[in-house]
**Student:** 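Have a look at the structure that comes next, please.
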Protein chains: 2
Amino acid sequence: MDPRPIGVFDSGLGGLTTVRELRRLLPGEDIVYFGDTGRVPYGSRSRETIIRYARQDVAFLRTFDLKLIVIACGTVSTTAMEVLARENSIPVLGVVAPAADAAAQVTRSGKIGLIGTQASIRSGAYEALIHARDPMAQVISQPCPLFVPLVENGRFRPGDVVIETVVGEYLAPLKRRGVDTLVLGCTHYPLLEEVISNFMGPDVVLVNAGAEGARAAAERLAFEGALSDRTEGGGCRYFVSDRQEDFSRLASIFLGWDVTGQVGKVDIGQY
Amino acid sequence: MDPRPIGVFDSGLGGLTTVRELRRLLPGEDIVYFGDTGRVPYGSRSRETIIRYARQDVAFLRTFDLKLIVIACGTVSTTAMEVLARENSIPVLGVVAPAADAAAQVTRSGKIGLIGTQASIRSGAYEALIHARDPMAQVISQPCPLFVPLVENGRFRPGDVVIETVVGEYLAPLKRRGVDTLVLGCTHYPLLEEVISNFMGPDVVLVNAGAEGARAAAERLAFEGALSDRTEGGGCRYFVSDRQEDFSRLASIFLGWDVTGQVGKVDIGQY
């Protein structure tokens, strides 16, 4: 039994898809969320900048007495995971290994598509972990730099020619190669699930990295006997590095519930 | 005569359109450019975050002995201009007043369209200055939050259905209202000139805020007798807050010349 909260962070809003899944799996746990809305997006930045930002995000979260941290961001998980795990005395889990596990289990043909930010694809982290589980798997990867700004501007609905055109361009090479599994390697992408699924067809299984990360965190806590003794009523506190109002408005889309008045502001450059 | 360099800054790459114009007008001047590529974009952030970032940008530039600073960013010009001008002993010029002047002079019908980032439009700065020059002018404004990410991803060419659809959606209300002048209120937008002009038609005059800002800076220096005594051969130094390589590659599109090897890296959070 461990009553301490779980820390979760992302470059912005995408990680809330992980919070939603954690809440569904572990409704009794307290959660502290940090979204770096003052410096989003991370996915187009260099490795060293991403590591610097991620260290500050963790330093802020650790001002709380946490039992575990979930990196609910594909970019940070692929780029800064090892550094963060080495530097912290509590477990730091990412979304890459759980998503790689799921993809290797799900694929029948061994042809796995992977989409993510430029930094995530450049890192090679998903490919390496998929190959560690299935050396024969073919991973066909594609950076999708416009997905995050399009989602953050509300352009994720079927019938929108802009998102459908961009989805078509990015995913056509993967469809042509006949992948039967597609890893959504960025926590923003679950909002595009319907558009992506319409384009790829019903036979392609989508693996949601953010949800897999939540599942892995829940399993780890259960295995270590570190779950809270409550089975419901856990609280969630949210912190951001830019205006709370802007975050609250968009957060409801990601979470499916209202967070107005529950969001704090952090000067993340100080950490 | 004043041999000191001119400082120019932007949230990222857009301000290079101002550098290009300054270079054309004043080829003998030295220029120091800073692009905050580690924290771009600014246009979707809150007023207080934009002011904090802009103060740090100026603090870095002022480690050089400058004679004048040009804010080559529509968002900072609309949001932090007064604060920066008040806090600095050297002139700090923005792009808003010069663009408002040009628009008020150019319009025949008095119906002026204005496009910019969310922060720029929210500030009301362009409208206020256009009305100060022409109280009868009607300003029809439209935030265009997707233009910066689309331009930075190379999607600015005629024939691209994504940029043409987004341009059409954002500008249709302005076209319907019959504007005869359109202020491109963000220094990224000149790259969209052709697509925008194709949509608006040949009778609508486009006012380029970045170029107007360069022109105003040149006039100010000439008026104060503070130009360099050289008429050619001025140098340009570039600094960014993320990887130099990524900047150098894209900068050539904006500038029309190569900057490889001339770009320095700055930890802007320290200023």
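So you know, we letter chains A, B, ... as the sequences are listed, proteins then strands, and number each from 1. Please read these numbers as outputs of a predicted model, since none were measured by experiment.
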**Student:** What residues of residues 143-153 of chain A make heavy-atom contacts with chain B at a cutoff under 4.5 angstrom?
**Tutor:** A:Pro145, A:Leu146, A:Pro149, A:Leu150, A:Asn153
**Student:** Return the CG to CD1 distance between B:Asp242 and A:Ile50, rounded to the nearest 0.5 Å.
**Tutor:** 8.0 Å
**Student:** So, taking the atom named OG1 in B:Thr165 and the one named CZ in A:Arg155, what distance separates them when rounded to the nearest 0.5 Å?
**Tutor:** 8.0 Å
**Student:** For chain B, which residues of residues 258-271 of chain A have at least one non-hydrogen atom nearer than 4.5 Å to it?
**Tutor:** A:Lys265, A:Asp267
**Student:** Just distance, no hydrogens or angles: give the donor-acceptor pairs under 3.5 Å from side chains in residues 171-179 of chain B, sequence neighbours left out.
**Tutor:**
{"from": "B:Lys175", "atom 1": "NZ", "to": "B:Phe199", "atom 2": "O", "distance (Å)": "2.7"}

**Student:** Go through the atoms of A:Val162 and report whether side chain, backbone, both or neither lie under 4.5 Å from a heavy atom of chain B.
**Tutor:** both
**Student:** Return yes when atom CZ of A:Arg243 has more than 12 non-hydrogen atoms of other residues, nucleotides or ligands closer than 6.0 Å, and no otherwise.
**Tutor:** yes
**Student:** Tell me, yes or no, whether the heavy-atom count around A:Glu245 atom CD, taken from other residues, nucleotides or ligands under 6.0 Å, exceeds 12.
**Tutor:** yes
**Student:** Just wondering, are more than 12 heavy atoms of other shown residues or ligands nearer than 6.0 Å to CZ in B:Arg62?
**Tutor:** yes
**Student:** Residue by residue, which of residues 32-47 of chain A have a heavy atom closer than 4.5 Å to a heavy atom belonging to chain B?
**Tutor:** A:Thr37, A:Gly38, A:Arg39, A:Val40, A:Pro41, A:Arg45, A:Ser46
**Student:** Give, as side chain, backbone, both or neither, the part of A:Glu48 having an atom under 4.5 angstrom from any heavy atom of chain B.
**Tutor:** side chain
